[in-house]
Amino acid sequence: MSFKKIFSILFFLNIVFINSTCSQQYIAIDSIVLKYPDFGSTEKLAEKINEDFKSDRDKARAIYSWIALNINYDLETYLNPPERKSYSVKDDADLAKKMQLINEKETQKAFRSRKAVCGGYSLIYAHLAALTGLKCQVITGDAKVKVEDIGRRNYLINHAWNTVLIDGKWILIDATWGGGYYDFKREILVKRFTPIYFDMDSKYFNAKHFCRIFNV
């Protein structure tokens with residue numbers, strides 16, 4: 001058996017153990033969020049989260065659960081991405097303003113359609129985090145999803161996730177992977193709530209995520 005296959009099996013077994021532990025710890029929060037009705041705006045959703053949960057950790061988990069349960073991965077956009085648009089800017093301040101408007105538009109589009117790729121997932125998370133008083137960052141980098149990706153040089157930017165400040169510590173969150181996965185063998189998306197990608201231990205998280213850019 002090759003090293004990559006052995007690594008993959010051991011990694012999977014560790015994930016199963018972590019998954020069981022996390023499920024027990026946050027099951028009450030997830031159960032409350034699961035019963036949430038549709039909200040007409042991100043502001044109303046944030047108000048409900050602030051009403052139901054008081055600690056920063058519980059709010060952060062509630063946001064993760066809501067996104068993982070309610071947003072579907074937009075495979076069509078992923079496979080056929082729109083052409084990149086070019087923008088003329090005067091200076092760094094003008095660039096920051098334009099990027100903020102673009103991100104806000106992408107966030108609201110994802111919230112209304114309930115569909116997004118990883119960038120939309122991470123933007124919704126950061127948006128809801130800000131509305132609930134949490135300090136959050138969007139991170140972009142290289143994600144490894146297949147055994148053959150192990151050992152690949154980390155030059156790619158193909159994924160986005162979040163980090164949130166909880167009790168003085170930045171925790172790692174991937175709401176995209178929390179909502180399911182792509183079955184490469186069957187070539188289909190599998191919608192499945194996966195709790196482990198909330199505050200996963202960095203030694204496991206970083207085995208599949210390599211940070212390239214922090215976006216505050």
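Atoms considered below: every heavy atom in the structure, side chains included; atoms not considered: hydrogens, waters and symmetry mates.
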(message) Centre-to-centre under 6.0 Å for Phe111 and Trp66, is that the case here?
(response) yes
(request) Go through the steps to decide whether Thr176 and Trp161 satisfy the test side-chain contact (heavy atoms from CB on, under 4.5 Å), and finish with yes or no. (result) CA-CA 8 Å; Thr176 307; Trp161 57 96; over 6 Å; no
(request) Mind running side-chain contact (heavy atoms from CB on, under 4.5 Å) on Asp199 and Arg57 for me, showing each step along the way? (result) CA-CA 10 Å; Asp199 193 18; Arg57 178 172 292 276; 2.8 Å; yes
Do [X] and [Y] have side chains that approach each other closer than 4.5 Å (heavy atoms only, starting at C-beta)?
X: Lys135; Y: Trp170; result: yes
X: Ser122; Y: His159; result: no
X: Val33; Y: Tyr64; result: no
X: Lys59; Y: Leu128; result: no

(message) What I want to find out is whether Glu51 reaches Lys48 closely enough, with some N-O distance under 4.0 Å, to be called a salt bridge.
(response) yes
(message) Is it the case that the side chain of Thr163 and the backbone of Ile171 share a donor-acceptor pair, with hydrogens and angles ignored and the cut-off at 3.5 Å?
(response) yes
(message) Donor-acceptor check, side chain of Tyr121 to backbone of Ile71, threshold 3.5 angstrom: yes or no?
(response) yes
For the residue pair [X] and [Y], what are the closest heavy atoms and their distance?
X: Ile166; Y: Ala60; answer: CD1-CB, 4.0 Å
X: Cys136; Y: Asn162; answer: SG-ND2, 3.6 Å
X: Gly179; Y: Lys191; answer: O-CD, 3.3 Å
X: Ser65; Y: Asp30; answer: OG-OD1, 2.5 Å
X: Asp38; Y: Arg114; answer: OD1-NH2, 4.1 Å
X: Gly180; Y: Thr194; answer: N-OG1, 4.4 Å

(request) Evaluate whether atom NZ of Lys169 has more than 12 neighbouring non-hydrogen atoms of other residues, nucleotides or ligands under 6.0 angstrom away. (result) no
(message) Parallel, tilted or perpendicular: which one describes the rings of Tyr197 and Trp177, with boundaries at 30° and 60°?
(response) perpendicular
Gap between atom [atom2] of [Y] and atom [atom1] of [X] - 0.5 Å precision:
X: Ile124; Y: Asn103; atom1: CD1; atom2: CG; result: 12.0 Å
X: Ile173; Y: Ile63; atom1: CD1; atom2: CD1; result: 8.0 Å
X: Leu165; Y: Gln137; atom1: CG; atom2: CD; result: 9.0 Å
X: Ser41; Y: Glu47; atom1: OG; atom2: CD; result: 7.0 Å
X: Asn70; Y: Phe39; atom1: CG; atom2: CZ; result: 9.5 Å
X: Ile29; Y: Leu34; atom1: CD1; atom2: CG; result: 13.5 Å

Between [X] and [Y], do the side chains contain an N or O donor and an N or O acceptor separated by less than 3.5 Å?
X: His127; Y: Thr42; value: yes
X: Gln108; Y: Glu104; value: no
X: Asp52; Y: Tyr36; value: yes

